[in-house]
Amino acid sequence: NLMPAVLPLHTWRPSIYIYLILFRNKYLIYGFKNASLAFIKSFVYLFNKKQKLSDNYHDIFVPTGTALKPINNKFEIKSHSFDYDLFIRYSKIKKQIKKQIVFLDSAIVSHPDYFKPSAPGLDPIPSDSNKDSYYPLIRTFFKKVEEETGMQIVISLHPRLQLDNDMNLNYGNRKIVQHNSAQIVMNSSIVIAHDSTAISFAVLWKKPLIIITTNDLEFGARRRPMEALDSILGTKRININKPYSRVNFVKRAQEALKGYDRYTKKYIKESSNFESSSTEILIKGLFEYTKMMNNKE
């Protein structure tokens, strides 16, 4: 049972208040029929999954942090996340720190998953926001940040989006890179994100981080992962629909640093001794498991 992609959302427990907000939003966004069907299908899925899990026994458990614990006395191979493999690789390369800010794009408007139904018989998943609402807000915010910090913002585009002229216009003709989040985070001074999994690179390289949101995102499904991030990092996200002229962006970005050690231990790696690749750790662990099982025979 390999668990390499555990995120704060997977282990975060919302308050009753947050549950009520999420429940309300789901019905308002999806409509009563779709939301009700989704709840029923989710319940049936979880019930069947619970039964299947109780019938199956995984002999080996490979956690990448302390967030999840082994059950049923599984043989444990403590490892680290796949992102940490990239961290090891790029840490061997000479850093070229630039006075720039990287924005980790989360495909808010046009993620491919928006165009297919969440389950048979349901309508396609609605997007978290729309082009006419989201991108003007983002461009205005980025311009303010650039004016206040004296640094240019570079866009690390979501890997499943198409980099074309429309995307360049969406981001105000700012520099856009793709498929290299680890290295661009390593060489940047500040990171801005919504809920990207690439935030782990900001954590590992101890980069100041700003979590941003909008009214649309607060109303939709993105609220939950951002709440989880704020909880584990001890941050307070900025709603760019609301006034932010008095925000000191450099100072705000520093707030996340205090939660990085906790984030690393829970979701990336438990020990500081894991400098081998996750593949090497797995092979070594499987060898030890085989040796143990042979000794029992």
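Worth saying up front: this structure is predicted, and the values here are computed from it rather than measured.
K131 places no side-chain N or O within donor-acceptor distance of the main-chain N or O of V109, the cut-off being under 3.5 Å. Not one N or O on the side chain of S231 forms a donor-acceptor pair closer than 3.5 Å with the backbone of E227. Using a distance-only test at 3.5 Å, with no hydrogens or angles considered, no donor-acceptor pair links the side chain of N215 to the main chain of N241. Side chain of D105 to main chain of H158: a donor-acceptor pair is present (N/O by atom type, distance under 3.5 Å, no hydrogens or angles). Checked by atom type and distance alone, the side chain of D230 pairs as donor or acceptor with a backbone atom of R237 at under 3.5 Å.
In the displayed structure, K258 atom NZ is contacted under 6.0 Å by more than 12 heavy atoms of other residues, nucleotides or ligands.
Salt-bridge formation is not detected for the pair R223/D195: no Lys NZ or Arg NE/NH1/NH2 atom is positioned less than 4.0 Å from an Asp or Glu carboxylate oxygen.
Taking the side chain as every heavy atom from C-beta outward, S156 and V185 never approach each other to under 4.5 Å. The shortest distance between side-chain heavy atoms of F141 and K144 does not fall below 4.5 Å. In this structure, the side chains of S110 and L161 come closer than 4.5 Å at one or more pairs of heavy atoms. Between R222 and T213, the closest side-chain pair of non-hydrogen atoms is not below 4.5 Å. Looking at N180 and Y90, their side chains come closer than 4.5 Å, going by heavy atoms from C-beta outward. For the pair I212/H194, a side-chain contact is recorded, criterion being any heavy-atom separation below 4.5 Å from C-beta on. Two residues are said to be in side-chain contact when any heavy atoms from C-beta on lie closer than 4.5 Å; I199 and V191 fail this criterion. Annotation: side chain of D128 is not in contact with side chain of T214 (no heavy-atom distance under 4.5 Å).
Aromatic pair Y171/Y135: centroids less than 6.0 angstrom apart. Checked against a 6.0 Å centroid threshold, the rings of Y263 and Y260 do not count as neighbours.
The NZ atom of K99 sits 9.5 Å away from the CD1 atom of I190 when rounded to the nearest 0.5 Å. Note: K206 NZ to T264 OG1 = 5.0 Å, rounded to the nearest 0.5 Å. The line from CG of L209 to CZ of F201 is 14.0 Å long, rounded to the nearest 0.5 Å. Put simply, CD1 on I108 and CG on N130 are 12.0 Å apart, with the number rounded to the nearest 0.5 Å.
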Would E146 and R174 count as a salt bridge (charged side-chain N to carboxylate O under 4.0 Å, His left out) here? Give the steps. CA-CA 11 Å; E146 289 171 337; R174 290 177 172 82; 3.0 Å; yes
